[in-house]
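Here the structure is a predicted model, which means the values were calculated and not measured.
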Amino acid sequence: MDIFKRSILLGLGLITLTKEKTEEFLKELMEKGKMSKDEAQSFLNEIIEKGKTHKEELKAEIKEELQKIIKELNLVTRDELKLLENRLNELENKIQEQNRG
């Protein structure tokens, strides 16, 4: 069964299909007697888990690339901007205190 699953994943690109399309495909396999209902459900769950893992990996890669681009373009990050705002507020407060005194 493992070879069968792998060939389906590679040959048809099931990971990129929607859940509905995958369910339809698995239903067809069950109707043709290629897979039992339990095997189909297990396979669907496995595909969903792999999809979630792949999604998280992709998000991490995108975030890393965006951080590189921000650094290359010498853009200010939100955290850096917040630090500058805080410093500016401190300086304004000091100036106001000096003007009062």
Side-chain angles (χ1 to χ4, degrees):
M1 186 63 188
D2 194 42
I3 293 172
F4 180 68
K5 283 189 218 179
R6 288 175 193 237
S7 66
I8 291 173
L9 283 174
L10 293 174
L12 300 174
L14 266 181
I15 292 176
T16 60
L17 294 176
T18 64
K19 183 180 176 189
E20 293 79 23
K21 293 283 185 190
T22 304
E23 287 172 342
E24 286 177 28
F25 176 74
L26 292 175
K27 185 178 178 182
E28 287 178 27
L29 288 178
M30 287 187 305
E31 289 171 356
K32 292 178 182 178
K34 305 262 184 194
M35 197 180 257
S36 72
K37 184 176 181 176
D38 289 340
E39 289 172 326
Q41 186 61 49
S42 175
F43 189 44
L44 181 61
N45 292 340
E46 184 179 328
I47 290 171
I48 290 169
E49 274 307 307
K50 285 184 181 182
K52 288 178 185 176
T53 301
H54 182 69
K55 180 180 175 183
E56 292 305 315
E57 289 171 358
L58 184 60
K59 281 173 65 176
E61 287 178 28
I62 290 171
K63 184 177 180 179
E64 184 178 318
E65 285 302 313
L66 286 173
Q67 288 172 341
K68 285 179 187 177
I69 291 169
I70 288 169
K71 189 173 185 175
E72 286 175 13
L73 294 175
N74 213 15
L75 298 175
V76 176
T77 66
R78 184 173 289 163
D79 291 338
E80 292 170 329
L81 183 60
K82 188 67 176 169
L83 286 173
L84 288 173
E85 286 177 11
N86 290 341
R87 288 181 65 192
L88 182 59
N89 287 336
E90 287 176 16
L91 289 172
E92 286 175 342
N93 289 338
K94 284 182 183 180
I95 291 171
Q96 287 176 356
E97 286 177 16
Q98 287 178 351
N99 286 339
R100 285 184 210 143

>> On a heavy-atom basis, which atom in A40 and which in M35 lie closest, and how many Å separate them?
In response: CA-SD, 3.5 Å
> Rounded to the nearest 0.5 Å, what separation is found between the NZ atom of K34 and the CD atom of E39?
Replying inline: 12.5 Å
> Among pairs that include at least one residue of residues 86-99, which meet side-chain hydrogen bond (donor to acceptor under 3.5 Å, both in side chains), considering only residues two or more places apart or in two chains?
Replying inline: none
>> Among residues at least two apart in sequence or on other chains, which ones pass side chain to side chain contact (heavy atoms under 4.5 Å, CB included) with K59?
In response: K55, E56
> How close do V76 and L81 get, heavy atom to heavy atom, and via which atoms?
Replying inline: CG1-N, 3.7 Å
> So which residues get pulled into L88's cluster when ILVMFWY side chains under 4.5 Å apart are joined, directly or through others?
Replying inline: none
> According to the salt bridge (Lys or Arg N to Asp or Glu O under 4.0 Å) rule, which pairs have a member within residues 67-77, sequence neighbours left out?
Replying inline: E64-K68, E65-K68
> Rounded to the nearest 0.5 Å, how far does CE of M30 lie from CD of E28?
Replying inline: 10.5 Å
> Any sub-3.5 Å donor-acceptor pair from T53's side-chain atoms to E49's backbone N or O?
Replying inline: yes
>> Who clusters with L75? Use side-chain heavy atoms, under 4.5 angstrom, across I, L, V, M, F, W and Y, and order the result by chain and number.
In response: I69, I70, L73
> What residues, two or more places apart in sequence or in another chain, satisfy side chain to side chain donor-acceptor pair (under 3.5 Å) together with E80?
Replying inline: T77
